[in-house]
Amino acid sequence: MENMNYAEELVREFLFFRGFTSTLQSFEKELATDLGKGFQKDKIFDLIFSVYIPKFQPENLISLLTFFKQCFSSSETVLIATLSKLEISVLRYYIVYAVQSGRTDKIIEFFGVHGDDLLQRNQDWMSWFAIPYLKNPSLDPLFRVYFSKEWFDALQLSVRNFLSEIFNGTRIPALLKISSEKLTVNHLKNDIKHLNTRLSQLQALLEEKEAQLCRSKRNLGEAHASTTHLSGRQSSDKDVDIPEAQGVSLASSSYGGQSDEKNSSSVGIDELQQEEDFPEVKVDFQETFLGHTSPISCCRFSTSGDNIASASVDGTVRIWTYDASTSASRNATIYCGAEIMSLEWDCKSDRLLLIGTADGGIKAWNVDAKRVVCDLSTTDAFPSVLDLKCSPVEPIFVSAAASRGHGTGYIDKLGFASLTVWNMRTWKAMTVLPLGKDPPAITSLCFNHNGKILAAAATDGMIHMFDMSAGLQITGWPAHDSAISSVLFGPDETSIFSLGTDGKIFEWSLQSQGEVLWSRNCNRFCNPQNSQYHRHEMALDANGKRLLVTSGSVRAPIYQVRDHTNGMKSLPHSAAISTVDWHPTLPIFLTGSADNSVRVTSIL
């Protein structure tokens, strides 16, 4: 019944779209009496023998018979052959009925329109062309049988049996198959979800066993080191004659060193234990996107949250949707020809996607037209477009570009910074924000809610604040001892979050500059080796209460902001998590991984 209702809605929409208003009214009227019924062979039978033939409508009759042919696949040879014989018999009865009604003109008209086609399909029709010119066809030996009541009764019985055969409930119309196929796809997606959940559980179990093995090896090593140290000290006491007072002093010093080593080791174990104690998020649903063939460098929800843009290190961007109820018309693959370093959706229209590359390119992709509407370039001196941010109010965006450095890591390869403000109507540069002489590279940008203040994080650990109406820097302070890789305004915009390459997270007060409101040390998640290829980043949920951070591990930590609880951890990928984002309104987050996959996870 659900499939039937869905199909009827499609028919209504089509009739309304084509302007068939009278047909739509007839359709609605007939639905009021026939709602819930399936194929009705009696009505189809009456349509043939009580409407199309008595009212001399051969075109409608032939169209109906042609429709029956489309109900079969090429493998159903027996039914196709039966239908061909019935078609010939029904058309012959049409001619017989016209003779009995004295409508010779209808016979001539019929053969004039359909005669050539009938002759091509069956040469037996040749003799029927003579019927209009016979005085009494019913007495002619060639046609006498077709005018008998017995032949007509047999024809009606054959048509009824045929209709019962093809419409016995096992044959589903193509329109209803649309809904059935949709349900099948949904069932398959649910199966995939269950399999992904099961896979995550198995991966978590494997991680737990590996962690237990590591702890056992560590404890065994510490015990062995302690035993070796004590035995060495005892042997030295025996071999060397030391004055008693001095011996006590040395023994105490030696013992103290061993205690410090134990305490240091204990702290490390406590931190590792704290990480392992993070409870796994409770998942409502999870989708895994496997369209990329290289590690993921960036992924972002659109402003509405309906679409997702994800970039890979191979220079491609894919736009896709995770929800079956959302149209996939915007899905696309964009080939940029260079390493992609930043993505940003237009905050106002949700129609443009900005792409920053390592060769100084900034592309504006129209997701509806599926084409690049503007291809900008930074100056040759600043080829790396590290971040892009659109104003939430004005039709402008800011690009953070950097010159090339001489190092090997992600941060070391960055030189000096350039901040440019672009007009999204003219697609031209408006101004360059002042940063001083030879400023360190800007890695991350963030607008406040009205677009009047821009925060910029630099590789020297500084946070810069700009007044966008004046185009000037209004304040700044040293936030980290290392480079800052990500910066975000807090939910009430009285604070700002910063993530350093050393793994330290600070929430800074904007009312009392320099005051730390909350902090976390996630350096155990920040693998320096991974930092050579991408910058660590963080994302706040819509309520500003949960902070998701990238990870050198297969799981990403989710910290509870200003909460003393340990936080949570995501379901595992099979490689490091290189990029993260939150849905703009819902408790759904994105994780992109070096295993080429992007996951959409909805949590309870």
Side-chain angles (χ1 to χ4, degrees), residues 296-312 315-320 330 332 334 336 338-368 372-378 382 384-402 417-425 427-430 433 441-451 453-457 466 468 485-489 534-535 537-540 550 578-584 589-590 592 598:
I296 310 301
S297 58
C298 190
C299 60
R300 295 289 183 267
F301 276 109
S302 64
T303 308
S304 66
D306 293 337
N307 297 102
I308 293 169
S310 54
S312 177
T316 61
V317 175
R318 289 181 179 267
I319 297 175
W320 47 282
R330 289 182 166 185
I334 309 166
C336 297
E339 179 186 355
I340 296 155
M341 309 195 78
S342 52
L343 294 174
E344 172 73 350
W345 288 89
D346 180 10
C347 299
K348 297 177 69 178
S349 67
D350 200 16
R351 187 170 50 90
L352 291 176
L353 174 68
L354 301 179
I355 305 169
T357 61
D359 62 354
I362 301 174
K363 298 180 185 295
W365 176 267
N366 187 308
V367 293
D368 293 327
V372 175
V373 294
C374 190
D375 205 342
L376 307 174
S377 295
T378 61
F382 301 97
S384 299
V385 184
L386 302 182
D387 202 7
L388 297 166
K389 279 296 179 290
C390 290
S391 168
V393 178
E394 300 294 330
I396 62 172
F397 72 91
V398 181
S399 65
S418 174
L419 287 180
T420 306
V421 182
W422 302 81
N423 189 311
M424 296 179 69
R425 289 175 178 166
W427 296 110
K428 293 182 179 180
M430 296 172 56
L433 297 178
I442 299 296
T443 56
S444 180
L445 301 171
C446 186
F447 274 103
N448 73 332
H449 74 286
N450 58 15
I453 300 176
L454 176 73
F466 293 89
M468 293 304 295
S485 59
S486 186
V487 64
L488 295 170
F489 274 101
H534 61 83
R535 66 181 174 93
E537 62 183 24
M538 57 184 174
L540 272 172
T550 54
S578 52
T579 178
V580 294
D581 195 23
W582 278 98
H583 190 283
F589 63 83
L590 274 177
V598 182

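Along the sequence shown, residues carry numbers from 1. As the structure is a computational prediction, the values presented were derived from the model and not from experiment.
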Residues in ring-ring contact (aromatic ring centres under 6.0 Å, His included) with W582, at least two apart? F589

Could you go step by step and tell me if I355 and L388 meet the side chain to side chain contact (heavy atoms under 4.5 Å, CB included) rule? CA-CA 8 Å; I355 305 169; L388 297 166; 5.8 Å; no

Approximate separation, where rounding is to 0.5 Å, of C336 SG and W365 CH2: 9.0 Å

pair V393-F447: side-chain heavy atoms closer than 4.5 Å: no

Among all residues two or more places apart in sequence or in another chain, which pass the salt bridge (charged side-chain N to carboxylate O under 4.0 Å, His left out) test with E344? none

C446 side, atom SG; L488 side, atom CG - distance, nearest 0.5 Å: 5.5 Å

S312 side chain vs I296 backbone, donor-acceptor pair below 3.5 Å: no

Tell me, do L343 and L354 make a side-chain contact under 4.5 Å, heavy atoms counted? no

Taking the side chain as everything from C-beta on, heavy atoms only, tell me whether C374 gets closer than 4.5 Å to V372. no

How far apart are the closest heavy atoms of K348 and P392, and which atoms are they? CG-O, 4.0 Å

Test side chain to side chain contact (heavy atoms under 4.5 Å, CB included) on M341 and S384 and set out the steps. CA-CA 8 Å; M341 309 195 78; S384 299; 3.8 Å; yes

Any donor-acceptor pair under 3.5 Å from T378 side chain to F382 backbone: yes

Report the residues that fulfil side-chain contact (heavy atoms from CB on, under 4.5 Å) with N366, sequence neighbours left out, ordered by chain and then residue number. R351, L352, D368, A369, V373

With sequence neighbours left out, what residues match T303 under side-chain hydrogen bond (donor to acceptor under 3.5 Å, both in side chains)? none

Going by distance alone, is a donor N or O of one side chain under 3.5 Å from an acceptor N or O of the other, for T579 and E537? yes

Across all chains, not counting sequence neighbours, the side-chain hydrogen bond (donor to acceptor under 3.5 Å, both in side chains) partners of S342 are none

Under 3.5 Å, side chain of W345 to main-chain N/O of R300, donor-acceptor pair present? yes

What verdict does the side chain to side chain contact (heavy atoms under 4.5 Å, CB included) test give for L433 and L454, after you've listed the backbone C-alpha separation in whole Å, the side-chain angles of each residue and the deciding distance to 0.1 Å? CA-CA 10 Å; L433 297 178; L454 176 73; 3.8 Å; yes

Has S302 got a side-chain atom pairing as donor or acceptor with N307's backbone, closer than 3.5 angstrom? yes

How would you list, by chain and number, every residue that makes a side-chain hydrogen bond (donor to acceptor under 3.5 Å, both in side chains) with S377, sequence neighbours excluded? none

By salt bridge (charged side-chain N to carboxylate O under 4.0 Å, His left out), which residues pair with D375, not counting sequence neighbours? K363

Would I340 and V317 count as a side chain to side chain contact (heavy atoms under 4.5 Å, CB included) here? Give the steps. CA-CA 8 Å; I340 296 155; V317 175; 3.3 Å; yes

Any chance you could measure R330, atom CZ, to I319, atom CD1, to the nearest 0.5 Å? 8.5 Å

Which distance, rounded to the nearest 0.5 Å, do you find between the CE of M538 and the CG of D581? 12.5 Å

Write out all pairs satisfying side-chain hydrogen bond (donor to acceptor under 3.5 Å, both in side chains) with one or both partners inside residues 390-402, taking only residues at least two apart or from two chains. S399-W422

Quick one: OG1 on T420 to CE on M430, what's the gap to the nearest 0.5 Å? 11.5 Å

Which heavy atom in A402 sits nearest to a heavy atom in A441, and how many Å separate them? CB-CB, 3.8 Å

Nearest 0.5 Å, what's the CG-OG distance between D387 and S485? 11.0 Å

Under the side chain to side chain contact (heavy atoms under 4.5 Å, CB included) test against F397, which residue among L445, V421, I362 passes? I362

Taking all atoms of both residues into account, what is the closest heavy-atom pair of C347 and C390, and its distance? SG-O, 3.5 Å

Test of understanding: with side-chain hydrogen bond (donor to acceptor under 3.5 Å, both in side chains), list the residues that count as partners of N423, not counting sequence neighbours. none

Does A417 have any side-chain contact (heavy atoms from CB on, under 4.5 Å) partners at least two apart in sequence or in another chain, and if so, which? L435, P439, I442

Min side-chain heavy-atom separation F489-I453 under 4.5 Å: yes

I'd like to check the salt bridge (charged side-chain N to carboxylate O under 4.0 Å, His left out) partners of R318; sequence neighbours left out, ordered by chain and number. none

Do R425 and I396 have side-chain heavy atoms sitting under 4.5 Å apart? no

